[in-house]
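In what follows, chains are A, B, ... by sequence order, proteins preceding strands, each numbered from 1.
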Amino acid sequence: MSTYTPSEIEAKWQAAWADAETFKAVRSGDKPKYYVLEMFPYPSGNLHMGHVRNYTMGDVIARYKLATGHNVLHPMGWDAFGMPAENAAMATGIHPKEYTYGNIAHMKSQMQPLGLSLDWSREFATCDPEYYGQQQALFIDFLAKGLIYRKKATVNWDPVDMTVLANEQVIDGKGWRSGAEVERRELVQWFFKISDYSDELLTALDGLDDWPAKVKLMQSNWIGKSRGIDISFKRKDGGDPIVCYSTRPDTMRGASFIAVAPDHPVAKELVNGNPDLADFVEECRKMDTTEAAMEKADKKGMDTGIRVQHPVYPDRELPVWIGNFVLMDYGTGAVFGCPAHDQRDLDFARKYDLPVQNAFYMPGDETEVGTEALVPAKTEPVVFIDHFAGITDSTSQNAIDATIDYFEAQGLGKGQTQFRLRDWGLSRQRYWGCPIPIIHCEKCGVVPEAKENLPVQLPDDVSFDIPGNPLDRHPTWRDCACPKCGAAAQRETDTMDTFVDSSWYYARFTAPHAATPTDIDDAAYWMNVDQYIGGIEHAILHLLYSRFFARAMRMTGHLPQGTQEPFNALFTQGMVTHEIYQTTGDNGRPVYHFPSDITDGKLADGTAVDIIPSAKMSKSKKNVVDPDDILAKFGADTARWFVLSDSPPERDVEWTASGAEAAFKHLSRVWRIANDAASADGGHADQDADLLRAMHKTIIDVTNGVESFGFNAAIAKLYGFTGVLAKSKASAGAKQQATKVLAQLMSPMTPHLSEDIWALLGGEGLIANAPWPVADESMLVEDTVTLPIQINGKRKSEIAVAADTDKATIEGLALADPAVQKALGGATPKKLIVVPGRIVNIVI
RNA sequence: GCCGGUGUGGCGGAAUGGUAGACGCAGGGGAUUCAAAAUCCCCCGACAGCAAUGUUGUGCCGGUUCGAGUCCGGCCACCGGUACCA
């Protein structure tokens with residue numbers, strides 16, 4: 001007998017699938033459609049185990065759905081624009097286009113041997129002009145419908161390299177290449193009006209029954225609907241009033257200062273005549289733009305000298321400060337500080353010696369706030385001090401509502417529903433992205449490119465020897481004719497955020513070469529995605545943007561009216577993690593090392609490295625593991641089996657090399673068992689029922705496992721059934737039947753091996769097209785059950801009873817059990833709990 | 001900081017509120033073999049005990065329950081996101 005040789009088997013069956021076009025998706029009326037999609041990869045250069053895990057999961061679903069009678073669409077493409085290509089261009093001189101398409105070719109060559117059931121005829125890369133040209137058409141249509149607008153926004157500016165930096169390129173407030181302190185700078189940029197859909201995107205979460213609750217919760221918190229009030233504070237100097245947004249107007253009695261953002265109009269108006277203030281605002285600018293940096297920074301402020309009047313207690317005067325912790329993007333860019341009931345405000349007040357005054361006490365405890373703010377849950381009753389809205393004992397929740405009513409009635413403020421969600425800035429000052437199809441004409445202003453001139457293609461003749469956007473300094477690319485008046489004009493040199501590319505690719509897969517962004521008939525047939533699979537790191541941004549795009553595309557006629565949400569079901573897999581090996585470089589910055597360069601925690605020269613456990617695999621951190629070796633040594637089926645078997649799919653998995661060997665041994669064993677079964681004769685027919693009962697049980701377990709993404713549990717059951725089959729003395733016919741079913745149940749995970757076994761045992765056609773086995777439930781009824789007996793919740797014994805034994809009989813049997821008799825010592829139990837088919841618990 | 005998640009043997013992990021540790025890895029022992037590889041069988045949380053068995057045990061503290069890995073409250077650690085990484 002020959003041995004299990006994956007290299008032969010896998011090439012053979014991949015060719016068979018290709019010849020039969022088994023996975024080509026064609027619209028059809030006689031089967032229900034099923035669209036399964038994994039988040040498409042960024043072509044970083046090498047496939048890593050995270051990809052293998054992700055695509056194998058999707059493949060299991062796709063193959064299972066094919067076997068259960070669905071017309072399956074399972075496409076693949078490339079999220080191909082992005083910064084790494086430009087970084088590579090700066091580092092090595094290779095052109096981003098060459099880098100990207102080279103990486104795609106290599107990764108595709110690594111992906112194809114995995115035997116994924118993909119319809120490669122639909123493949124595209126987002127950097128294909130055919131794709132991004134349609135994206136430009138979408139931009140123009142969105143703009144026409146008022147879904148896109150321009151405004152000023154803050155970016156990270158590297159004053160040495162004279163370039164905009166991504167948040168990732170800012171390390172401890174400094175530019176990653178220049179090391180210069182990053183500044184904030186305002187640029188006019190394009191925005192999607194995603195905030196128009198805040199309420200819609202929030203309420204529609206309720207309908208996403210097959211999304212993980214955690215993702216819906218994260219999105220809900222991100223959108224952040226809150227009810228509050230805009231309160232106007234009159235300036236003593238007669239200037240325009242300062243409007244503060246607050247969700248806690250019930251704490252107004254304790255308001256002791258106003259804080260405005262450093263880029264608030266009030267601050268801007270003052271810096272001219274006040275050098276100290278100007279210095280402070282300048283200092284506030286020297287911080288990167290991330291929320292985390294803002295929130296973690298020391299709270300600093302400076303008095304502007306402006307005083308406002310307390311709206312409820314007119315004889316009280318509040319100072320107006322500039323605070324580095326106030327965000328211009330949220331609310332009105334100004335807040336009132338109530339130190340007694342907000343820890344951050346309290347720290348600020350103590351630091352700058354501002355008054356602290358309670359608005360309420362806890363019942364029976366009139367202690368004034370010291371170093372810890374009094375912040376009870378909004379549902380807890382508190383005692384308000386001379387509350388202006390006529391409230392004394394109340395929860396804050398009720399007091400907030402009453403206070404808003406009071407302010408509105410008094411004409412002091414206006415109730416507001418506020419969302420945390422901000423509009424989506426899409427402009428990027430970079431080369432390797434989709435050009436924004438806009439022309440700036442001296443006469444006509446900002447004009448969208450005419451659709452017949454699309455795609456606006458990126459020029460190839462660019463250089464990356466200096467930082468900044470090469471489109472900006474290209475000698476001729478900007479020059480064009482105004483589509484409106486025909487006069488000489490200039491193209492916009494900003495490109496689009498790469499999140500735009502990935503916000504509609506799922507729709508493009510339904511008609512990847514249509515002359516419009518989508519073909520409405522194809523979209524109507526294939527949409528929505530029935531099962532979407534990807535990393536939890538995309539829980540908010542990518543998924544929220546895609547949900548917005550589906551709505552915007554429907555509004556502009558690019559998706560059918562029935563399409564609301566893009567993804568019916570979502571599964572978020574965990575990440576493949578690996579230790580990071582790090583040393584510190586001369587400049588104090590971390591230096592990363594490849595796992596292959598580390599022996600026993602040391603570099604070759606003996607330098608000890610810091611080990612950071614379980615971090616997301618990332619090329620820049622050099623902790624990526626290549627699947628090539630595994631594939632070369634054991635084949636695709638082993639790699640697929642292993643990544644599914646070792647860990648629950650929603651959880652992170654720490655990559656280790658051991659285990660793949662065991663997976664290979666197991667598949668070799670299955671191969672041997674199948675060959676034995678094929679040549680078996682004789683056997684004991686009286687053993688058949690036991691084998692077939694185990695088979696039917698396994699059909700149920702594996703089917704449930706696949707349906708519920710319990711792949712590791714399904715595989716554990718398959719191990720168990722393989723053991724039963726190996727030991728079985730049943731007749732040849734029963735063994736062959738069981739082996740064919742085993743091959744079928746394994747086929748979503750190990751498609752090549754399964755095809756081979758199927759063919760060996762005379763299965764009809766391809767196993768990929770064979771209908772999924774159905775369990776005979778009548779074979780699963782158990783005659784007897786074993787009931788554990790607990791005494792005071794601890795297991796002491798067990799009894800075997802007929803499955804249909806009534807409670808009273810079980811009670812009698814349990815009490816008669818020697819272990820129970822011993823524990824009781826003649827006493828009567830206090831309580832006796834019998835859960836039929838489950839357990840007996842005796843309380844003594 | 002804020003939002004979300006995770007925590008179970010030496011390791012990956014299993015367990016509708018019902019026998020904690022399925023299945024696999026690593027380790028130990030044995031069979032087969034001239035020997036090895038491959039394969040097959042057995043053992044394998046900790047402590048005590050020759051053993052039967054007993055005690056203990058799911059990050060920490062507390063609670064609900066006949067019964068908690070699972071539910072609730074409070075902590076700790078780690079991971080993801082934090083709007084220009086993808």
Identify whether any heavy atom of [X] sits under 4.0 Å from a base atom; if not, whether one sits that close to sugar-phosphate; answer base, sugar-phosphate or nothing.
X: A:Lys665; result: sugar-phosphate
X: A:Gly720; result: nothing
X: A:Arg344; result: nothing
X: A:Gln429; result: base
X: A:Val840; result: nothing
X: A:Pro648; result: sugar-phosphate
X: A:Ser427; result: base
X: A:Val215; result: nothing
X: A:His538; result: base
X: A:Val843; result: sugar-phosphate
X: A:Gln189; result: base
X: A:Leu718; result: nothing

Please give the distance between the [atom1] atoms of [N] and [M] as a whole number of Å.
N: B:A36; M: B:U70; atom1: C1'; result: 49 Å
N: B:U58; M: B:A20; atom1: C1'; result: 7 Å
N: B:C3; M: B:G10; atom1: P; result: 35 Å
N: B:U16; M: B:C71; atom1: P; result: 12 Å
N: B:G9; M: B:A46; atom1: C1'; result: 9 Å
N: B:C25; M: B:G18; atom1: P; result: 28 Å
N: B:C61; M: B:A68; atom1: C1'; result: 16 Å
N: B:C75; M: B:A22; atom1: P; result: 35 Å

Heavy-atom count check: over 12 atoms from other residues, nucleotides or ligands less than 6.0 Å from [X] [atom1]?
X: A:Asp172; atom1: CG; answer: no
X: A:Lys822; atom1: NZ; answer: no
X: A:Lys300; atom1: NZ; answer: no

Counting heavy atoms from C-beta on, name the nucleotide in [options] closest to the side chain of [X].
X: A:Glu537; options: B:G81, B:U82, B:C85; answer: B:G81
X: A:Lys727; options: B:C41, B:A86, B:U82; answer: B:C41
X: A:Thr290; options: B:A83, B:G13, B:G18; answer: B:A83
X: A:Ile839; options: B:U82, B:U19, B:A86; answer: B:U19
X: A:Lys214; options: B:G18, B:C85, B:G4; answer: B:G4
X: A:Arg672; options: B:C40, B:A86, B:A83; answer: B:C40
X: A:Ala662; options: B:G18, B:G24, B:U82; answer: B:G24
X: A:Ala292; options: B:G5, B:G1, B:G18; answer: B:G1
X: A:Met218; options: B:A86, B:G80, B:A22; answer: B:G80
X: A:Leu217; options: B:C66, B:A86, B:G5; answer: B:G5

Quiz prompt | Carboxylate-amine/guanidinium contact A:Glu291 A:Arg420, below 4.0 Å | solution = yes
Quiz item: Going by an N to O cut-off under 4.0 Å, is there a salt bridge joining A:Asp423 and A:Lys193?
Solution: no
Given [N], is OP1 or OP2 found less than 4.0 Å from the side-chain N or O atoms of [X]?
X: A:Asn712; N: B:G12; result: no
X: A:Asn221; N: B:G4; result: yes
X: A:Lys796; N: B:U55; result: yes
X: A:Lys296; N: B:G1; result: no
X: A:Asn167; N: B:A83; result: yes
X: A:Ser647; N: B:G12; result: no
X: A:Arg838; N: B:C66; result: no
X: A:Arg795; N: B:A20; result: no
X: A:Arg428; N: B:C84; result: yes
X: A:Ser645; N: B:G24; result: no

With both distances under 3.5 angstrom, what nucleotide forms a Watson-Crick or G-U wobble pair with [N]?
N: B:C60; result: B:G74
N: B:A14; result: none
N: B:G9; result: none
N: B:A31; result: B:U39

Practice problem: Return the 5'-most residue of the pair A:Ile536, A:Trp424 with respect to RNA chain B, ranking by each residue's nearest nucleotide. | Solution: A:Ile536
Quiz item: Can a donor-acceptor pair be found between the side chains of A:Gln219 and A:Trp211 at a distance below 3.5 Å?
Solution: no
Quiz item: With a 6.0 Å cut-off on ring centres, are A:Tyr132 and A:Phe81 close enough?
Solution: yes
Practice problem: Kindly label the base of B:G30 as syn or anti, based on whether its glycosidic torsion lies within 90° of 0. | Solution: anti
Exercise. Please report the closest heavy-atom contact between A:Ala814 and A:Val820, naming both atoms and the distance.
Key: O-CG2, 3.3 Å
Self-check item: Criterion side-chain contact (heavy atoms from CB on, under 4.5 Å) on A:Trp424 and A:Ser503, from CA distance to verdict
Solution: CA-CA 12 Å; A:Trp424 169 14; A:Ser503 290; 3.5 Å; yes
